[in-house]
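The structure under discussion appears below in the form of structure tokens.
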Amino acid sequence: MEYRNLGASGLKVPVLAFGTGTFGGEGPLFSAWGRSGTDEARRLVDICLEAGVNLFDSADVYSSGASEEILGAAIKGRRDKVLISTKMSLPMGDGPLDAGSSRHRLLASVDAALRRLGTDCIDLLQLHAFDAFTPIEEVLSTLDTLVLSGKLRYVGVSNFAGWQLMKSLAIADRRGWQRYVAHQVYYSLLGRDYEWKLMPLARDQGVGALVWSPLGWGRLTGKIRRDQPLPQNSRLHATAQFGPPVDEQRLHAVVDVLDAIAAEAGRTVPQVAIAWLLSRPTVSSVIIGARDEAQLRDNLGAVGWSLGADQLRRLDEVSTVMPPYPYYPYRIQDGFARLNPPLV
């Protein structure tokens, strides 16, 4: 297993992390993702640790807290061997205090997550969404207090817009508070919007990307084929409406190239898709999920080898889309391109 620094921090994280959204299986979305109970979760954690994957990502909204509870039970007795990442800010109920990143909510939510996880410290806490109703100063000062108290070690965000992240970093720098070191983002061969604004920001500001849904919301598993019906056991039957939209023609074009490269490399389609992500700038770790041991072991096969330059080029070409203004001039006009060289 390869390890990278999480952004500009000193924290070393594995290039593959394990997402625990499949633990618990409560509600229409998470029941379709997976229903792992404590025993199965413990087995999946065993396999991860054997492979060097020691970062486990959860969230309070995953199965209404059950994911954190099961993760806590699965790592019991070996807390010193793992890194725990979790998220909060999304609604956990219908009450006025059940959502957001206010001081009241964060203090209560961190204590609740610690109880569910069975630990006294969260290694990485990420805000699951930007809270436009709470002053950024209140959010950052509260997170700073939580780090200084020892309840958190590092802080990050998830699904922030560029201006939201940059403004937060600027305020943290001005006030001497804890900086966000991680941004959990959607990024895949089917969704490369991260590259337009957030990747340059991350590179400039030292924010590491933790990639969620690296297989395009389950579309790059190798099971979806042109002119064939969606497999009966695909979770997309129940979850497609919750995920990022995908153009069908582009999906099949990407899968065609993935198929060819997988055959060349003696790998599977998911392994190639994840390996491509690991070659991209600012990516600290790719979060893999698995409903069972077979899926997990297949995803773990994305490390220990690398794609060739020609294979990377072919994947880039088939998956690229023209970005919107003001980004496209940097791609097509020589004057802009000379002043703003591409990151990838």
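Remember, predicted model here, so these are calculated numbers, not experimental data.
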Using atom types as modelled, flag every donor-acceptor pair under 3.5 Å from a side chain in residues 40-55 to any protein atom, sequence neighbours excluded.
residue, atom, partner, partner atom, Å
Arg42, NH1, Asp39, OD1, 3.4
Asp46, OD1, Arg78, NH1, 2.6
Asp46, OD1, Arg78, NH2, 3.0

So does Leu6 get a backbone contact from the side chain of Ser9, meaning a donor-acceptor N/O pair under 3.5 Å? yes
Selection residues 112-130 - residue pairs positive for side-chain hydrogen bond (donor to acceptor under 3.5 Å, both in side chains), sequence neighbours left out: Asp57-Gln126, Glu68-Arg116, Arg79-Thr119, Arg79-Asp123, Ser85-Gln126, Asp123-Arg153, Gln126-Gln184
For residues 80-111, which residue pairs pass the ring-ring contact (aromatic ring centres under 6.0 Å, His included) check, not counting sequence neighbours? none
Measure up the Trp163 and Phe130 rings against each other and bin them: parallel (under 30°), tilted (30 to 60°), perpendicular (over 60°). perpendicular
Would you confirm whether Ser285, through its side chain, and Pro14, through its main-chain N or O, come within 3.5 Å as a donor-acceptor pair? yes
I'd like to know if Lys223 and Asp298 make a salt bridge, using a cut-off of under 4.0 Å between side-chain N and carboxylate O. no
Salt bridge or not between Asp316 and Arg313? Use side-chain N to carboxylate O under 4.0 Å. no
Quick one: sort the His183 and Phe160 rings into parallel, tilted or perpendicular, breaks at 30° and 60°. perpendicular
Would a single hydrophobic cluster contain both Leu11 and Val185, if residues Ile, Leu, Val, Met, Phe, Trp and Tyr are joined by side-chain heavy-atom contacts under 4.5 Å? no
For Ser101 and Ser89, test the side chains for any donor-to-acceptor distance below 3.5 angstrom and give the result as yes or no. yes
Begin with the C-alpha distance, continue with both residues' side-chain angles, and end with the deciding distance and a verdict on side-chain contact (heavy atoms from CB on, under 4.5 Å) for Leu140 and Asp144. CA-CA 6 Å; Leu140 292 172; Asp144 192 69; over 6 Å; no
